[in-house]
Structures are given as structure tokens and as C-alpha cells.
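Quick note on labels: first sequence line is chain A, next is B, and so on, each numbered from 1. Quantities reported herein were computed from a predicted structural model and do not represent experimental measurements.
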Amino acid sequence: MVSTVFNQIVEPSWLARPSPEVAPDLLGCTLVRQLPDQQIRGLIVETEAYALGDPAFHAYKRRTDRNRVLFDPAGRTYIYLIYGIYHCFNIVTDQDGIPSAVLIRALQLESVPAVDSTSNQNIHRIAAGPGKLCRVMQIERSLNGGILQPGEPLWLEHRGRQFQQQVDCQAVTFVQTTRIGLSQGIDLPWRWYLSNCPAVSRR
DNA sequence: TTGGCGATGCTG
DNA sequence: AGCATCGCCAAT
């Protein structure tokens, strides 16, 4: 008999660790965006960690209006506007009061969204980049501080059986490098991505 | 293929 | 002033 297996939901407690631990573990998990009339699902293929002591981190200096959600418990979203045009989507991690987050840099979409404003794009590149994935998933600042769980606009699902098999047979491997697009903290090796993934940012 | 640059608005 | 970006265009 055929059985459909649903991925397990990622619980906040699983995210309550330092971001450099969580960031590689999020590779292969699925980000789900629930819209009124459609669901958009994407495999996480590229992440970066931001944490205490990191000069590139928005919470490096002090708590401000913008970064306050970074100090909240794990399992919330941190979304901000960058270069006046794009948004960046982060997952808040670690213990309450300890600012820490993972930037989601690229997704491999399961399918082309119904209203596709980027119809010229290669399916593999529609969500290739932190600004592009927010555009296609309609993630903007009104979602900042939201909890990642079903029933909300966004949630996470753990690695599925198919992905695990690809890891086990080494069809997919994990690569760790320095982060992208920064002027500070450029030597921290806190970027991870899946090998052989056309959606990973080109650099 | 690589590198330079403008768009655009919010933050501290 | 600078920014956790992107797409376009020119030069190689």
C-alpha cells in the first residue's frame, strides 16, 4: 500500500541552539509559506549564521527597535529591509535573551508558484538569493516576529526521507565557507550550502 | 566569464 | 553613510 509521509514540523526547542550549530542542520529542511489560496514550499539549500561577537550581526552592539526580535526565544522570524528594495528572512535561534539567527539565502522550490512575477526565470533560480526568495514567497516586514508553526504564514519541516537517502549515499554533501556580501566579519566560516545545487548563490 | 554600478529607503 | 541585494551592461 502507498502511504504519504509528511515531514515532521520543526519545533522551537530544536532551534534553541547557537546559530552556527543550527545553520547547517537547516539545510535540507523545507520552508513553507501559506498564502490564502496557495502554499509555496522550498528546500533550504544555503544558510548563514549570525551570532554574538560577530561584527556583521545586527545585534552586535545593542538592542534597538529593529533587532529586538533577535533577543526573543528561538522559533520566530527576523525580517528586515535591505538596500531599500529587498527583504532578508532569518530564523531566530538560541536561548531567550541571547541574540542569534540564521539567514536563509536560497531555496529550491518544489514547484513554480501560481502567480509567478518572475516567469522568465529558470525554476532552479527563482529563489536563489536572500532577496529573491523573499520576493517569490511574499515575505516582508509585516511577518517580522512571527512564530514559525503551522497555522501561521510560515513554518519549517524537517528533512524528508528522500533527502536523507541522498545524504546517506553522498549524492548530496555539505559545504562550509565564509559568508557573502559583508564588509565586517568576513573571515568567519559561517556559510553552508548543499553541493550540486543550482539555487545556491553564485560567487 | 568577471566586474562595476545604480536603484531605493530605512537605520543609528 | 552605509547596508546580510539584484540585475544590467561593458570589458575580457
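- The shortest distance between the side-chain N/O atoms of Arg135(A) and the OP1/OP2 oxygens of dG7(C) is below 4.0 Å.
- Using the Watson-Crick or G-U wobble rule with both distances under 3.5 Å, dC8(C) pairs with dG4(B).
- Listed pair Ser183(A) / dC3(C) meets the phosphate criterion, a side-chain N or O lying under 4.0 Å from OP1 or OP2.
- With hydrogens and angles disregarded, a donor-acceptor distance shorter than 3.5 Å links the side chain of Arg125(A) to the backbone of Val200(A).
- Remark: Gln176(A) CD is packed, more than 12 non-hydrogen atoms of other residues, nucleotides or ligands lying under 6.0 Å away.
- In this structure, NE2 of His58(A) is placed 12 Å from C1' of dT5(C), rounded to the nearest angstrom.
- Spacing between atom CD1 of Ile186(A) and atom P of dC3(C) amounts to 12 Å, rounded to whole angstrom units.
- With a 6.0 Å cutoff to the six-membered ring centre and a 45° limit on the axis angle, Arg141(A) does not count as a cation-pi contact of Tyr80(A).
- The interatomic distance linking Leu81(A) (CG) with dG2(C) (P) rounds to 19 Å, in whole Å.
- Atom CZ in Arg66(A) sits roughly 5 Å away from atom P in dG12(B) (whole-Å rounding).
- In this structure, CZ of Phe89(A) is placed 14 Å from C1' of dA4(C), rounded to the nearest angstrom.
- The residue Gly84(A) sits close to a base: some heavy atom pair falls under 4.0 Å.
- Nearest-nucleotide mapping onto DNA chain B: of Tyr86(A) and Arg141(A), the residue sitting toward the 5' end is Tyr86(A).
- Per the geometry, CG belonging to Leu103(A) stands 11 Å off C1' belonging to dT5(C), to the nearest Å.
- Here Arg191(A) does not reach the OP1 or OP2 of dA4(C): none of its side-chain N or O atoms lies under 4.0 Å away.
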Worksheet item: Taking it one step at a time, do Leu143(A) and Leu154(A) satisfy side-chain contact (heavy atoms from CB on, under 4.5 Å)?
Response: CA-CA 9 Å; Leu143(A) 303 181; Leu154(A) 290 161; 4.1 Å; yes
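- Protein atom CZ of Arg125(A) is 13 Å distant from nucleotide atom P of dC8(C), rounded to whole Å.
- Atoms CG (Leu70(A)) and C1' (dT11(B)) sit 14 Å apart, rounded to a whole Å.
- Stacking between Tyr83(A) and the base of dG9(B) is absent under the criterion of ring centres within 5.5 Å and planes under 30 degrees.
- The side chain of Lys132(A) has dG7(C) as its nearest neighbour among dG7(C), dT5(C), dA7(B).
- For the residue pair Glu11(A)/Ser13(A), the side-chain donor-acceptor check at 3.5 Å is not satisfied.
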